[in-house]
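Numbering of ligands and ligand atoms starts at 1, following listing order.
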Amino acid sequence: MQLLLTGSFSAQERGEWRGHLQAALPGARWWLDDEAFPAAEIEAAVVANPAPGRLQGLPRLRLIQSLWAGVDRLLRDDTLPAGVPIARMVDPAMNETMAETALWAVLSLHRGFFDYARQQAERRWQPHPLRRAGEVRVTVLGLGEMGGAALRLLRQHGYDAAGWRRSDGEAALPPLLARSGVLINLLPLTPQTTGVLNAALFSQLPPGAAIVNLARGAHLVEADLLAALDSGQIGHAVLDVFATEPLPDGHAFWAHPRITVLPHVAAQTDARSAAAIAVRNLVALQQGQPLSNLVDRQRGY
Ligand code: GLV
């Protein structure tokens, strides 16, 4: 089997991925996209946000396996060969990592740890009243693999957490928003969910609520967040993802006292487990077995 590994990797990541993939499927020939690969022979491509157009001209391509959980950027490439199945990365290890990030954010908000970090910078000694976990109401938007894992972990830790998915319907959302001190976004990015974190949504939250965006930068209307932080409608935002990544040097978010910035690390793909999961699908392809984690191109995830 001739396989192509392509994406926006650093040279080091590339080598590491090929090492893990080769170890998991030693019988195959793994090509990197900067090598003179035999385009006519490539049967599957393992991809991490490949350059647009990269998957054209592969006449025997039968599977595009993403190493990323979110395939929004991949699907924006309108030269993707039609009819070739696309699988996204679903890795329990990644779901767990995402749930840990959600728990860290909620716990830090609940216990005031972001406030205490700010106070330390000002050499200010000021304890705040204690709340119990059960008094902290959280809503998780998106109940896929990652949203579901986050919701379970938050509940295990005693938070009063609820979840919402688009299929619950728009009408189910306002009552949840009205009770949410923390709103975590783990929706897939689709045309329907682009810009969902906007002024109209913020105004439905209790004043001072926190936003935790762990999904995609395009879910958030950045100017609306800055205005809501200014007015106090939003008390704090934890952001892992941004409209432009890396977050540009002069961006207002970097130094904002009520924004915590992470460099898109809420659930990094772990090559050790993800390579084995990608290979499972390649073996299924070889053996004519059903493929897992297929993306519905129409739905967008
Ligand atoms: C990360 O954002 C991913 O989609 O895997």
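Between L67 and ligand 1, not a single N/O pair is under 3.5 Å apart.
Annotation for Q12: atom CD does not count as buried by contact number, only 12 or fewer foreign heavy atoms lying within 6.0 Å. Annotation: Q126, atom CD; neighbour count of heavy atoms from other residues, nucleotides and ligands within 6.0 Å is above 12.
At a 4.0 Å cut-off, not a single heavy atom of M89 sits close enough to ligand 1 to count as contact. Remark: distances from the non-hydrogen atoms of R216 to ligand 1 include one below 4.0 Å.
The main-chain N or O of P248 is found under 3.5 Å from a side-chain atom of W254 such that the two form a donor-acceptor pair. Without hydrogens or angle criteria, Y159 side chain to L153 main chain gives no donor-acceptor distance under 3.5 Å.
Of the residues listed (L183, I211, L226), the one engaging I234 in a side chain to side chain contact (heavy atoms under 4.5 Å, CB included) is I211, and it is the only one.
Atoms of ligand 1 found under 4.0 Å from any heavy atom of H264, numbered from 1 in the order shown, are 1 (C), 2 (O). The contact set between ligand 1 and M94, taken as ligand atoms under 4.0 Å from a residue heavy atom, comprises 5 (O).
A donor atom on one side chain and an acceptor atom on the other are found under 3.5 Å apart for Q192 and T190.
Among protein heavy atoms, the minimum distance from atom 5 (O) of ligand 1 is reached at A69 N, 2.8 Å.
At a heavy-atom distance under 4.0 Å, no atom of Q268 approaches ligand 1.
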